[in-house]
Trainee: 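A single structure is presented below for examination.
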Amino acid sequence: MAEVRLAAGMWVSAYLARLNAEGIFAHVAHHGDDQAGAIAVKLATMDGQAVLFARAYDAEGARIWDELHRGSETETDAMVAKQRGYDPDLWVIEVEDPKGRHMLDEPGLG
């Protein structure tokens, strides 16, 4: 069975709604291509630290969220800027949660 893929803009809207329903603050830091833009998620834990995630594929071809960077928020922002330099159509979603919740490991968010 073929995997159904949502347009990037639709996925982002659904993700933000899901986070909001859980009381997790998030916003679009950079609006990418609505149809096929890649998506990066920056999780700021409100203690000066952050993690950057991007979609990737595992060995079996399933979509996963790969941790690109973990460190200070300043370093993570620099990594985001570098990624945007490679891909101007990149969506960047910023999640702010002191508990470190991002929900990317939840079913349906692959």
Side-chain angles (χ1 to χ4, degrees):
M1 174 185 239
E3 179 180 334
V4 176
R5 296 192 183 173
L6 288 176
M10 289 179 64
W11 187 93
V12 168
S13 292
Y15 180 56
L16 293 174
R18 193 150 179 197
L19 290 169
N20 185 52
E22 295 295 323
I24 301 170
F25 177 76
H27 69 280
V28 175
H30 184 264
H31 188 288
D33 181 86
D34 284 328
Q35 295 303 310
I39 301 168
V41 175
K42 173 189 161 189
L43 169 65
T45 52
M46 313 308 292
D47 61 356
Q49 299 296 301
V51 184
L52 182 63
F53 298 94
R55 278 188 181 163
Y57 293 90
D58 67 12
E60 288 79 40
R63 286 195 303 190
I64 60 170
W65 286 94
D66 190 27
E67 185 178 305
L68 292 182
H69 179 79
R70 178 181 293 269
S72 74
E73 192 162 1
T74 303
E75 293 169 345
T76 305
D77 287 339
M79 178 64 81
V80 168
K82 185 176 180 180
Q83 294 298 315
R84 285 194 51 216
Y86 297 136
D87 183 1
D89 291 330
L90 178 70
W91 284 84
V92 180
I93 309 305
E94 289 196 18
V95 178
E96 296 178 359
D97 187 69
K99 297 177 184 174
R101 299 174 297 165
H102 51 71
M103 300 190 68
L104 295 172
D105 49 0
E106 295 291 318
L109 289 177

Trainee: Do side-chain atoms of D97 reach the backbone of K99 as a donor and acceptor pair under 3.5 angstrom?
Mentor: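 Such a contact is found between D97 side chain and K99 backbone.
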Trainee: If hydrophobic clusters are built from ILVMFWY residues whose side chains come within less than 4.5 Å, do W65 and L16 share one?
Mentor: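 Looking at the clustering, L16 is in the same group as W65.
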Trainee: Drop me the distance from Q35's CD to D89's CG, to the nearest 0.5 angstrom.
Mentor: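 If I round to the nearest 0.5 Å, the distance is 11.5 Å.
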Trainee: For F53 versus E67, what's the shortest heavy-atom pair and its separation?
Mentor: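 What the structure gives for the nearest pair is CD2-CA, 4.1 Å.
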Trainee: Can you tell me how far CD of E73 sits from CG of D47, rounded to the nearest 0.5 angstrom?
Mentor: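 Reported to 0.5 Å precision, the distance equals 9.0 Å.
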Trainee: Find out if a path of hydrophobic residues (ILVMFWY) with successive side-chain heavy-atom gaps under 4.5 Å connects L90 to V28.
Mentor: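 Different clusters: L90 never reaches V28 through Ile, Leu, Val, Met, Phe, Trp or Tyr contacts under 4.5 Å.
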Trainee: Should Y15 and E106 be marked as a side-chain contact (heavy atoms from CB on, under 4.5 Å) after you check the CA-CA gap, both sets of side-chain angles, and the distance that decides it?
Mentor: CA-CA 11 Å; Y15 180 56; E106 295 291 318; over 6 Å; no
Trainee: Hey, quick one: are V12 and M103 part of the same hydrophobic cluster, counting side-chain heavy atoms closer than 4.5 Å, chains of contacts allowed?
Mentor: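 Yes: a chain of side-chain contacts under 4.5 Å links V12 to M103.
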Trainee: Could you give the distance from NE2 (H102) to CD (E22), rounded to the nearest 0.5 Å?
Mentor: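 Those atoms lie 13.0 Å apart.
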Trainee: Looking at G71 and T76, what are the two nearest heavy atoms and their distance?
Mentor: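 So the minimum-distance heavy-atom pair works out to O-OG1, 3.9 Å.
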Trainee: How far apart are the C-alpha atoms of K42 and D77, what are their side-chain angles, what is the distance that settles it, and do they pass the side-chain contact (heavy atoms from CB on, under 4.5 Å) test?
Mentor: CA-CA 8 Å; K42 173 189 161 189; D77 287 339; 2.5 Å; yes
Trainee: Would I93 end up clustered with L43 when hydrophobic side chains under 4.5 Å apart are linked, directly or stepwise?
Mentor: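 Both belong to a single hydrophobic cluster.
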Trainee: Is L52 reachable from V41 through a run of hydrophobic residues whose side-chain heavy atoms are each under 4.5 Å from the next?
Mentor: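 No: no chain of side-chain contacts under 4.5 Å links V41 to L52.
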Trainee: Nearest 0.5 Å, what's the CD1-CG distance between I64 and D105?
Mentor: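 Here the interatomic distance stands at 12.5 Å.
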Trainee: For R101, is the CZ atom crowded, meaning more than 12 foreign heavy atoms sit under 6.0 Å from it?
Mentor: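 Enclosed: over 12 neighbouring heavy atoms sit under 6.0 Å from CZ of R101.
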Trainee: Would you name the heavy atoms of S72 and Q49 that are closest together and state the gap between them?
Mentor: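 In this case the closest contact between S72 and Q49 is N-OE1, 3.7 Å.
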Trainee: How are the rings of F25 and H27 set to each other: parallel, tilted or perpendicular (split at 30° and 60°)?
Mentor: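 F25 vs H27 ring planes: tilted.
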Trainee: For Q83 versus L68, what's the shortest heavy-atom pair and its separation?
Mentor: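 In terms of heavy atoms, the two residues are closest at CD-CD1, 4.3 Å.
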Trainee: Taking H30's backbone N and O only, do any of them form a donor-acceptor pair with W91's side chain (distance below 3.5 Å, no angle check)?
Mentor: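 Between the backbone of H30 and the side chain of W91 there is no qualifying donor-acceptor contact (under 3.5 Å).
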Trainee: Going from CD1 on I39 to CG on D87, what distance comes out if it is rounded to the nearest 0.5 angstrom?
Mentor: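 These two atoms lie 11.0 Å from each other.
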Trainee: A50 and A44: which non-hydrogen atoms are nearest, and at how many Å?
Mentor: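 Of all heavy-atom pairs spanning A50 and A44, the closest is CB-CA, 4.2 Å.
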